[in-house]
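Since the model is a prediction, treat every value here as computed from it, not as a measurement.
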Amino acid sequence: IKESTKPQVKIKNIKNDFSPVNEITKFLKENNITLKNIIKNKKRIAPILENYSMKVNYKGGTKKFIKEVINKLSKQ
């Protein structure tokens, strides 16, 4: 058996500070979209939030993602 002379890298842990909820609330805030706007236009905004949560593979599910975005916006 021949040992490899090529350097090998093993990844133990990946630290990723990306929070989709924080990113989308920051985006909504920058574009002056308030909780009132979301409630008023929920049929247009809900599919956008749903699509975003699927694109970033949000682990909690789409409904949880939308609830967390609404909760975060209500606190600001």
Side-chain angles (χ1 to χ4, degrees):
I1 299 174
K2 200 175 189 182
E3 282 191 41
S4 174
T5 57
K6 295 179 183 176
Q8 295 181 354
V9 177
K10 289 185 181 179
I11 299 173
K12 290 183 178 180
N13 192 2
I14 297 174
K15 291 185 179 179
N16 191 354
D17 293 338
F18 176 74
S19 169
V21 174
N22 290 340
E23 288 294 314
I24 198 76
T25 51
K26 181 180 168 189
F27 171 79
L28 293 171
K29 216 167 107 178
E30 286 172 356
N31 289 291
N32 295 324
I33 298 173
T34 62
L35 188 58
K36 284 183 183 180
N37 295 356
I38 290 176
I39 292 170
K40 205 182 280 186
N41 300 306
K42 64 184 171 190
K43 287 188 178 185
R44 282 196 287 175
I45 294 175
I48 295 168
L49 294 175
E50 183 179 345
N51 189 21
Y52 183 78
S53 72
M54 286 191 278
K55 290 238 187 216
V56 296
N57 292 328
Y58 188 71
K59 292 178 183 169
T62 303
K63 288 183 180 180
K64 184 178 178 188
F65 176 77
I66 293 172
K67 284 180 185 177
E68 286 187 24
V69 169
I70 290 171
N71 285 338
K72 193 137 186 142
L73 279 175
S74 69
K75 292 177 183 176
Q76 294 177 350

Point-to-point distance, once rounded to the nearest 0.5 Å, from NZ of Lys29 to NZ of Lys26: 10.0 Å
ring-ring contact (aromatic ring centres under 6.0 Å, His included) against Tyr58, all qualifying residues, sequence neighbours excluded: Phe65
Cluster overlap Ile39 with Ile48, hydrophobic side-chain contacts below 4.5 Å: no
Separation of Ile38 CD1 from Leu73 CG (nearest 0.5 Å): 4.5 Å
Stepwise side-chain contact (heavy atoms from CB on, under 4.5 Å) check, Ile66 with Val69: CA-CA 5 Å; Ile66 293 172; Val69 169; 5.7 Å; no
Rounded distance (nearest 0.5 Å) linking atom OG1 of Thr25 with atom CG of Asn71: 11.0 Å
Interatomic spacing from OG in Ser74 to CD1 in Ile70 - rounded to 0.5 Å: 8.5 Å
Which residues share a side-chain contact (heavy atoms from CB on, under 4.5 Å) with Asn31, sequence neighbours left out: Phe27, Ile33
Where at least one partner belongs to residues 44-71, residue pairs that pass salt bridge (charged side-chain N to carboxylate O under 4.0 Å, His left out), sequence neighbours excluded: Lys64-Glu68
Approximate separation, where rounding is to 0.5 Å, of Asn37 CG and Asn32 CG: 8.5 Å
